[in-house]
Structures are given as structure tokens and as C-alpha cells.
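Structure first, commentary second.
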Amino acid sequence: MLKLFNTLSRSKEEFIPVSPGKAGMYSCGPTVYNYQHIGNFRTFFFEDILLRVLRYNGIEVKYVMNITDVGHLVSDQDEGEDKMEKSAKQLGKSVFELSEFYTGFFFRDRDLLNIIPPDIYTKATDYIKEQIDMVKCLEEKGFTYKTSDGIYFDTSLLKDYGKLAKLDIEGLKEGARIEFSTEKKNITDFALWKLSPENEKRQMEWESPWGIGFPGWHIECSAMSKAILGNHFDIHCGGVDHIPIHHTNEIAQSEACNGEKFVNYWLHGEFLDMGNEKMSKSTGRFITLQTLIDKGYSPLDYRFFLLTAHYRRKQKFTFEALDAAKNGYNNLKSRVLNMKSSDEKSRDASAQIISDYKISFTEKINDDLNMPEAMAVLWEAVKDNSLNDGEKLDIIYNFDKVFGLGLESLNSDDEKSEIPDEIKKLAENRTEAKSQKDFKKADEIRELVKQKGYDISDSKEGFTIRKI
RNA sequence: GGUGUGGUACCCAAGUGGCUUAAGGGGAAAGUCUGCAAAACUUUUAUUCGACAGUUCGAAUCUGUCCCACACCUCCA
């Protein structure tokens with residue numbers, strides 16, 4: 001039984017899809033006005049794990065992710081500049097070039113992290129008509145009003161507005177730290193359609209029944225999920241920051257227009273805790289996957305790191321912790337490589353043990369995606385002396401469908417081919433010194449090679465060289 | 001000011017009333033092996049879960065008080 005923590009009920013619930021054996025899943029993707037940082041990727045990774053666990057359970061998932069390329073304003077109070085337009089202006093590019101550039105980078109990092117692409121990407125600018133239709137739908141049902149700068153949703157008309165975030169509207173008013181547009185009827189009202197400023201020509205703007213303008217940020221997800229997955233579907237996910245505003249407003253729009261329940265299960269991934277070095281795309285201070293690569297980490301080191309914490313808990317990011325993950329992952333890889341080169345084959349005698357491991361693993365991942373516990377099961381199997389190498393690989397490959405650490409495709413040749421001839425020559429010299437019992441010289445050579453970044457170790461067959 | 005979350009070994013991090021006198025990874029230490037190392041293998045590394053009370057046959061897990069961090073109500077995945 002698969003259990004998932006539903007933000008709506010704040011509790012773990014058994015996952016029961018609308019259509020048996022199938023699931024519709026939508027996740028809020030990137031706003032492509034800048035690079036995605038490693039915090040963003042923690043969320044995309046969580047969604048990847050969710051997708052993999054659903055599929056591991058034999059559920060046929062239709063997975064949609066949006067790309068926000070318009071309408072996301074600098075302030076969620078529907079004020080300030082459009083993030084895309086602002087960034088384009090700064091870089092002297094068109095918004096379309098900008099979108100293409102950062103989307104491409106996002107795809108690259110996604111692939112490097114072994115994150116499975118969705119079945120469909122929906123780009124906000126490709127669904128302008130659907131968004132306008134939805135605003136019209138809300139207008140016809142009387143949920144909207146007009147201000148000098150756009151069409152707004154009147155949240156006071158919904159009895160259960162804010163149910164996802166358990167918003168305390170009165171408390172919000174008292175605690176408001178900023179002033180909000182005086183034209184808004186309620187503090188929680190939000191823009192559905194923004195009119196282009198009269199004195200400014202936007203790069204992205206469209207005709208609409210209300211005048212030339214662009215869609216509000218929230219409407220895209222309501223319109224696009226409706227277009228692909230229908231009025232009522234199974235899972236919607238994103239980062240925790242989306243609970244109080246973005247997802248709250250999506251629910252309001254969708255349920256007001258469609259007149260039925262929008263999404264059954266809302267799942268949210270917690271933030272990566274950067275300690276004092278808080279990452280914020282708006283300040284331009286953040287760590288990207290490329291930063292990690294430049295520092296000598298592999299993208300999958302980061303994936304391994306993410307697997308060590310539960311998605312609903314903040315995870316502390318430090319380079320010390322990343323080093324630990326890198327070491328752990330290297331150990332795992334070297335064990336797997338050793339198993340692959342072994343000729344022990346599966347025996348039927350241990351079928352029961354293998355099955356027990358898989359059952360245990362399934363219990364962990366189905367308990368609200370408990371990856372740390374699932375990883376513990378993996379290590380237990382890896383170190384289990386009652387299993388031979390063939391049996392262990394059987395288990396490891398099976399688990400890696402969820403972990404996504406690329407263990408099945410690991411190839412020892414990859415590492416060997418990187419060794420320069422100079423280093424190989426030195427290693428051969430050392431073997432010669434050893435054969436003459438000149439251990440002093442042998443140790444000197446090993447030290448020299450170590451300084452050059454390689455490690456020589458002896459084995460029965462001779463020596464092996466490893467990049468440090 | 002309001003709201004919420006969390007404090008588990010040297011680090012990361014599970015566990016949320018008895019299966020646990022607390023998983024797993026990293027790190028560290030010892031042994032086997034080795035010319036010496038490395039790897040591998042074996043073993044060790046929290047009688048204790050922020051502090052103090054309380055509930056209970058029984059608590060890291062529930063309650064209360066206090067201390068400390070962080071997050072959100074500005075932008076954020």
C-alpha cells in the first residue's frame with residue numbers, strides 16, 4: 001500500500017487514484033529567467049522520486065510539468081516587473097532567447113541528475129488561449145473584478161479559500177509587512193490577467209477581451225493542468241513555498257471555474273537549508289549544479305546526497321555533507337563494480353532472502369517516499385554475506401529503478417580510460433622497483449603519483465590506478 | 001508583532017508510545033591481509049535523543065514550562 005503525505009489533510013493517506021492503476025501528476029516547473037540552483041533541483045529530484053515510486057508500484061503515470069516563461073512577477077503581490085522581462089532587459093536579449101537558453105540549461109542539469117523528464121512540458125506562452133478561456137469562465141461565474149491594472153479574483157467569494165495552507169486571513173492582515181494595492185478588495189485577491197502598462201511596450205503581450213496584456217502567474221497551472229489532465233486529477237506537487245500563495249490560488253481558480261474538486265493529493269518538497277548562505281535567485285547569489293561540477297563533484301554525488309534525507313524535512317547543505325555523500329557513493333560504486341567483475345551467479349537457494357529485501361524496500365519507499373530508510377535496506381543487502389554477487393546485483397538494479405544512481409550502467413572502463421600514459425608508466429616503474437625489493441623507491445613513486453592526483457594500489461594481478 | 005517547523009553521536013540523517021538499552025552513510029580507531037600501504041573483510045564508536053518537570057507498567061516518541069535555531073507572513077523550489 002502506497003502512502004503519501006497530503007498537504008490538504010496534513011497526514012499520510014493511502015494513494016487511491018481516480019482511475020485504478022493510473023495517475024495524473026502535475027508539478028510546478030521552473031521559471032526560466034535564470035539558472036536553476038541546487039535548491040530548485042532538490043524539488044525536481046523529489047518529484048522524480050515520486051514519479052519513480054509510482055511507476056515502481058506499477059502505476060501508469062501521466063506526468064506534466066510546466067515551464068513558466070511569462071507572468072511571474074518580481075513580487076507575488078501582483079506588483080513589480082515581470083521576472084522574464086526584467087532579466088531579458090538586463091542581459092540585452094529577447095525574452096524568447098532567454099527562455100530558450102535557460103530552459104536548455106535546465107534540461108541539461110536535469111539529465112545530469114538522472115531526473116526522468118515528464119511526458120509533457122507545457123510552456124505558459126503556448127497556452128495563452130486556454131488561460132484567457134479560464135479567466136472568461138471565472139468572469140462569467142462572477143468571481144472577478146476589474147482594477148486599473150487588470151482582472152482580479154475575488155477570494156472572499158470562496159468559503160474555503162486558503163484551505164490548503166490553513167490561512168488565517170485576519171492574521172495575514174495584521175501581520176502584513178508590506179502595503180498592498182489599494183484597489184484590491186481583499187488582501188488575498190490576485191491577478192488573473194494583467195494589462196500592459198500604457199507607457200511601456202512589453203515583449204510578451206496578447207490580445208484579450210480585457211485589453212492587451214498578459215496572464216497572471218497562477219492561471220497558467222490551472223489552465224494547463226486542465227488542458228492535459230482534466231478538471232480533477234490525482235497529484236500536484238511543488239516546493240513548500242507554493243503552499244500559501246501559488247497553490248492556494250490555483251485551487252481557488254480551478255474549483256471556482258470547474259465546479260468540482262481540483263486535485264486529490266498535494267505534495268510539497270522542503271527546502272535545502274543553506275545555513276547562512278541563503279540562496280535567492282533574486283540576489284543572484286546561489287549555487288548551481290555547474291558550481292558543484294566545477295568543484296569536482298559529479299552530479300550524481302549530489303543525487304546521492306539528496307537521497308540521504310527525507311523530502312519533507314529541511315536538509316542542511318554543506319560541502320562537508322556533500323563530501324560524505326561523494327565518498328559513500330564512490331564506495332557503493334566500487335562495490336558494485338567488484339560485483340560485476342565477479343563470476344558468482346545467482347543461486348535459487350536465496351530467492352527467499354532476495355524477496356524479503358524487495359518487500360522491505362517497497363515498504364520503505366511506499367511509506368511516504370522514505371529514501372533514507374530505503375538506502376539503509378540497500379546497504380544491508382550490499383553487506384549481506386548470505387548473498388553472492390549475482391544476487392546482490394539483482395537487488396541493487398531493482399532498487400536503483402527508484403534511486404536512479406546509474407548503477408546498472410556503471411562501467412569500470414570509464415575510470416580506467418582516464419589514466420594518462422605518464423601515470424601508467426610511473427606505475428610500471430614502481431612495479432619494477434618492487435620486484436627488485438627497492439621499496440624506498442617504490443614508495444617514492446607512489447607518493448609522486450599521489451601528488452599528481454592518482455592512487456596506485458597493489459593487488460594479486462598487479463596494480464590498479466584510481467583517480468583521486 | 002503574527003504563524004509554523006525543528007533541536008538525535010565528530011558531520012549528514014532515519015526512527016514519532018513497547019519489535020529499538022536509537023537505522024544507514026561519512027569520518028575516526030583497532031584487527032586480518034600487505035614489504036609498507038590501499039582496497040576488501042571483521043570489530044568498535046549516543047544506556048542516550050536541547051533542559052527540567054509530568055502522564056504511563058513502559059517515552060527520543062504524549063503533556064507542560066523553559067532555552068536555542070530556522071522558516072513563512074517581502075522574493076524563493
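Sequence lines set the chain letters: A, B, ... in the order given, protein chains first and strands last, and positions in each chain run from 1. Atom set for the values below is all heavy atoms of this structure, side chains included, hydrogens, waters and symmetry mates excluded.
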Original post:
Can a cation-pi geometry be assigned to R110(A) and F44(A), taking NZ or CZ under 6.0 Å from the six-membered ring centre and within 45° of the ring axis?
Top reply: no

Looking at [N], which nucleotide sits across from it as a Watson-Crick or G-U wobble partner, both distances under 3.5 angstrom, or is there none?
{"N": "U34(B)", "value": "none"}
{"N": "A46(B)", "value": "none"}
{"N": "U5(B)", "value": "A69(B)"}
{"N": "C10(B)", "value": "G26(B)"}
{"N": "G17(B)", "value": "none"}
{"N": "A39(B)", "value": "none"}
{"N": "U74(B)", "value": "none"}
{"N": "G54(B)", "value": "C62(B)"}

Original post:
If every non-hydrogen atom of N264(A) is compared with every non-hydrogen atom of L8(A), which pair is closest and at what distance?
Top reply: O-CD1, 4.0 Å

Mind calculating the distance between [atom1] ([X]) and [atom2] ([N]) to the nearest angstrom?
{"X": "D301(A)", "N": "G25(B)", "atom1": "CG", "atom2": "P", "result": "17 Å"}
{"X": "L307(A)", "N": "A14(B)", "atom1": "CG", "atom2": "C1'", "result": "14 Å"}
{"X": "N370(A)", "N": "A13(B)", "atom1": "CG", "atom2": "P", "result": "14 Å"}
{"X": "F361(A)", "N": "A23(B)", "atom1": "CZ", "atom2": "C1'", "result": "16 Å"}
{"X": "H242(A)", "N": "A77(B)", "atom1": "NE2", "atom2": "P", "result": "6 Å"}
{"X": "D273(A)", "N": "A13(B)", "atom1": "CG", "atom2": "C1'", "result": "13 Å"}
{"X": "E320(A)", "N": "A28(B)", "atom1": "CD", "atom2": "C1'", "result": "13 Å"}

I'd like the [atom1] distance from [M] over to [N], given in whole Å.
{"N": "G24(B)", "M": "A13(B)", "atom1": "C1'", "result": "8 Å"}
{"N": "C41(B)", "M": "A22(B)", "atom1": "C1'", "result": "26 Å"}
{"N": "G15(B)", "M": "U55(B)", "atom1": "C1'", "result": "22 Å"}
{"N": "U56(B)", "M": "C72(B)", "atom1": "P", "result": "41 Å"}
{"N": "U8(B)", "M": "A14(B)", "atom1": "P", "result": "11 Å"}
{"N": "G6(B)", "M": "C12(B)", "atom1": "C1'", "result": "16 Å"}
{"N": "G17(B)", "M": "U45(B)", "atom1": "C1'", "result": "28 Å"}
{"N": "A23(B)", "M": "A9(B)", "atom1": "P", "result": "13 Å"}

Whether the [X] and [Y] side chains hold a donor-acceptor pair (N or O, under 3.5 Å, no angle test) is what I'd like checked.
{"X": "D323(A)", "Y": "Y297(A)", "value": "yes"}
{"X": "Y357(A)", "Y": "D384(A)", "value": "yes"}
{"X": "Y56(A)", "Y": "N398(A)", "value": "yes"}

Subject >> Other residues, nucleotides, ligands: >12 heavy atoms within 6.0 Å of K358(A) NZ >> reply: yes

Does a side-chain N or O of [X] approach OP1 or OP2 of [N] to a distance below 4.0 Å, or not?
{"X": "K316(A)", "N": "C12(B)", "value": "yes"}
{"X": "N327(A)", "N": "G26(B)", "value": "no"}
{"X": "R446(A)", "N": "A37(B)", "value": "no"}
{"X": "N338(A)", "N": "A40(B)", "value": "no"}

Subject >> Between CD on residue E100(A) and NZ on residue K123(A), distance to nearest 0.5 Å >> reply: 7.5 Å

From [options], pick the nucleotide closest to the side chain of [X]?
{"X": "S334(A)", "options": "A40(B), A13(B), G35(B)", "value": "A40(B)"}
{"X": "R313(A)", "options": "G35(B), G25(B), A14(B)", "value": "A14(B)"}
{"X": "N331(A)", "options": "A14(B), G35(B), G26(B)", "value": "G26(B)"}
{"X": "K314(A)", "options": "A77(B), A71(B), G25(B)", "value": "A71(B)"}
{"X": "R42(A)", "options": "A77(B), G26(B), G15(B)", "value": "A77(B)"}
{"X": "A376(A)", "options": "G27(B), G24(B), G35(B)", "value": "G24(B)"}
{"X": "N40(A)", "options": "C11(B), A77(B), A14(B)", "value": "A77(B)"}
{"X": "F271(A)", "options": "C76(B), G35(B), G15(B)", "value": "C76(B)"}

Pair of N/O donor and acceptor under 3.5 Å linking [N] base with [X] side chain:
{"X": "R312(A)", "N": "G4(B)", "value": "no"}
{"X": "R335(A)", "N": "A40(B)", "value": "no"}
{"X": "R10(A)", "N": "U5(B)", "value": "no"}

Subject >> Charged N-O contact under 4.0 Å between D367(A) and K364(A) >> reply: no

Subject >> Centroid under 5.5 Å and tilt under 30°, F439(A) to G35(B) >> reply: yes

**OP:** Report the residue (A321(A) or K434(A)) whose heavy-atom-nearest nucleotide on RNA chain B is the more 5′ of the two.
**Re:** A321(A)

Subject >> Nearest-nucleotide 5' precedence on RNA chain B, F305(A) against G269(A) >> reply: F305(A)

**OP:** Answer yes if the ring centres of Y35(A) and F286(A) are under 6.0 angstrom apart, and no otherwise.
**Re:** no

